[in-house]
Amino acid sequence: MSSTVEPVSGYPTIPKDPTAGPFNMASYDDLYQNFQWEDMAKALNLPRANGINKASICIDDHSPEVMQRTALLWQAADGKKESYTFDDLRRETNRFANVLTELGVKKGDRVFVYLDRIPEIFITLFGALKVGAVIGPLFSAFGPEAIRDRLEDSGAVLVVTSPELKERLDSIRGELPALQHVVIVDRKGSAVEPLHPHEVSYAAMMAKASDQFTVPYTDPDDFSIIHYTSGTTGKPKGAVHRHAAIIAQAATAKYILDLQPENDIYWCTADPGWVTGTSYGMFGPWALGATVLVYEGGFKAEDWYQLIQDYKVTVWYTAPTAIRMLMKAGEAVAKAYDFSSLRHLCSVGEPLNPEAVVWGHQVFGHVFHDTWWQTETGAMHICNYPCMDVKPGSMGKPFPGVVAGILDDEWNPLPAGEEGHLAVRPQAPSIFRNYWKRDEVYQSRFKNGWYITGDRARMDADGYYWFIGRADDVINTAGHLVGPFEVESALIEHPAVAEAGVIGKPDPERLEIVKAFISLKAGFEPSETLKQEIKNFVRTRLAAHAYPREIDFLPSLPKTRSGKIMRRLLKARELGLPEGDTSTLED
Ligand code: WT7
């Protein structure tokens with residue numbers, strides 16, 4: 001542990017990209033030393049007369065020229081295309097702000113949006129920000145259990161959804177006393193039944209609403225968004241961010257994504273249900289006035305390549321699992337497309353294998369720049385910059401304005417080369433301000449003035465950071481964090497399941513898959529059919545990405561004497577590793 005051996009991936013350093021744009025930092029060290037968050041705020045012309053409302057900054061307050069620029073290029077799963085200028089979004093979000101006002105939504109109320117990746121996600125989220133509501137995006141692959149946990153915990157008063165997704169909401173409607181309104185966005189005209197009393201039609205309300213709205217004063221510390229994130233224990237916690245987070249999101253979109261708004265077509269492949277899809281799918285790029293491409297459809301190598309070619313995408317922010325899936329599709333597929341528009345590539349969510357960096361360089365002519373951050377940090381924190389030589393396999397260096405450290409178990413900094421807890425000083429304007437109604441858990445994440453990230457890492461002698469793994473049981477499957485407790489809770493609701501223990505099992509494509517160990521109630525026999533049934537149960541109730549892809553039936557699960565299922569032991573046995581300390585194991 002105390003060796004100072006350089007953590008190298010075995011791959012040679014790739015020199016910085018000569019095509020990096022004018023925002024390219026001349027020297028990392030210069031910028032690191034001289035960067036001030038206040039300067040970035042000034043560059044965004046902050047604070048303004050109405051304070052610091054994210055929606056005004058992203059949508060309304062651009063120059064007349066930028067207001068006519070395309071903000072959103074949208075392609076539906078069926079190929080249909082739409083495009084919206086900043087001015088179009090200004091008017092639509094004003095309308096929705098008026099709709100919310102008419103429905104009685106007030107500053108501080110929680111407004112959730114549960115939609116597929118369609119333009120109304122952005123219109124309703126920004127409309128809600130304009131009235132001062134705290135927004136909560138919900139990933140459309142969530143099942144009733146996952147949305148109940150989030151809507152109940154946050155006390156959401158209003159949900160925007162579609163006729164297709166509404167069924168899942170209807171099944172838990174009775175458990176949500178705070179929920180007053182459901183706004184139905186019916187793109188397909190499929191809402192055949194008359195609307196229920198608490199439901200209103202988006203189209204009908206928008207048609208009546210004025211496109212004029214004055215955004216009220218918004219304080220930098222006012223809450224803007226809640227993103228639920230999974231931990232080791234308990235249900236997902238709502239990480240809350242303030243409006244001032246936009247300063248960090250814009251700064252990183254400028255210096256790390258290297259966005260040049262007048263020229264770029266920027267594609268972020270993440271869904272706004274996750275923090276990447278908000279911080280960099282909308283906030284950062286729109287604060288700079290950049291054009292964002294949104295694709296409703298899912299992953300398919302050919303479709304993704306076609307989009308890059310058709311829209312002449314210049315800057316692309318995606319995830320290691322997607323890159324590995326593209327690698328798997330093969331270079332022959334890639335060769336059929338024209339990628340000459342691409343200028344800068346970035347990645348986030350999981351460790352980016354050095355192979356993927358090298359492969360990207362060969363196929364696209366540019367390296368993927370890995371970025372490290374979390375829901376809690378709200379913006380990129382440790383990154384590879386356009387102006388930096390890339391060490392394949394490293395997450396890069398701290399963003400200027402961010403102090404990072406590797407700490408020992410007493411929360412003191414360790415020297416270069418040693419493995420420890422990855423921590424950051426909570427200085428960036430985007431750092432989370434609480435877990436909703438979980439202040440104690442929030443406080444527990446800070447030690448000695450550091451925010452403890454829950455990851456383990458190492459810094460080399462050049463100041464590059466290298467990811468080692470999670471310090472906890474949280475599973476990272478294809479870039480999505482899944483809490484074992486959530487999956488275990490969903491599993492034991494199945495009538496056949498007596499006990500369940502859930503671990504992350506290493507997987508070449510998805511980094512980890514969710515694996516469940518289950519003991520059955522008396523009267524149930526293990527079978528392939530039952531396995532399938534249990535998988536489907538979790539898939540539809542919890543979330544399509546969080547169900548156990550593998551299930552093993554065991555006569556009983558290893559537990560501590562106090563009755564806690566020992567996930568660590570299940571994992572060690574699964575991987576054939578030493579079982580470690582089993583002194584607390586029950587007889
Ligand atoms: C966790 C945060 C913030 C973007 C989406 C994920 C892992 C994130 C990297 C990276 C290795 C990474 C960490 C982190 N992670 N980026 N570049 N290399 N691991 O947000 O769901 O809050 O997950 O994802 O374990 O703590 P999130």
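Every heavy atom of this structure was used, including side-chain atoms; hydrogens, water molecules and symmetry mates were not. Both ligands and their constituent atoms are indexed starting at 1 by order of listing.
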Verify whether the ring centers belonging to W359 and F364 lie closer than 6.0 Å. yes
Less than 6.0 Å separating the ring centroids of Y305 and F339? yes
Among all protein heavy atoms, pick out the one at the shortest distance from atom 21 (O) of ligand 1; state its residue, atom name and that distance to 0.1 Å. L481 CG, 3.3 Å
Quick one: do F432 and H227 satisfy ring pair (Phe, Tyr, Trp, His ring centres under 6.0 Å)? Show the steps, please. CA-CA 10 Å; F432 70 139; H227 275 291; over 10 Å; no
To the nearest 0.1 Å, how far is atom 11 (C) of ligand 1 from its closest protein heavy atom, and which atom is that? P351 N, 3.1 Å
Counting from 1, what ligand 1 atoms have a heavy atom of N476 closer than 4.0 Å? 7 (C), 24 (O)
E350 and R324 ion-paired at < 4.0 Å: yes
Have a look at ligand 1 and work out which part of F467, if any, has a heavy atom under 4.0 Å from it: side chain, backbone, both or neither. side chain
Y228 and W436 aromatic centres sub-6.0 Å: no
Residue and atom name of the nearest protein heavy atom (relative to atom 4 (C) of ligand 1), distance in Å to one decimal: T276 OG1, 3.3 Å
Could you tell me whether Y32 and F35 have their ring centroids closer than 6.0 angstrom? no
for atom 10 (C) of ligand 1, nearest protein heavy atom and its distance come out as E350 O, 3.4 Å
Can you list the ligand 1 atoms lying under 4.0 Å from a non-hydrogen atom of T371? 10 (C), 16 (N), 17 (N)
Among all protein heavy atoms in this structure, tell me which lies nearest to atom 15 (N) of ligand 1, with the distance rounded to 0.1 Å. G349 O, 3.3 Å
Can you list the ligand 1 atoms lying under 4.0 Å from a non-hydrogen atom of V348? 4 (C), 16 (N)
Any heavy atom of R470 under 4.0 Å from ligand 1? The part involved is side chain
Would you mind telling me which of L481, V502, I503 makes a side chain to side chain contact (heavy atoms under 4.5 Å, CB included) with I475? V502
Hey, are D460 and W466 close enough side-chain-wise for a donor-acceptor pair under 3.5 Å? yes
Indicate yes or no for a side-chain donor-acceptor contact from D264 to the backbone of Y266 under 3.5 Å, with no hydrogens or angles considered. no
If you scan protein heavy atoms around atom 25 (O) of ligand 1, the nearest is D455 OD1, 2.9 Å
Give the residue and atom name of whichever protein heavy atom lies nearest to atom 22 (O) of ligand 1, and the separation in Å to one decimal. T375 OG1, 2.6 Å
Near V275 (heavy-atom distance under 4.0 Å), the atoms of ligand 1 are 3 (C)
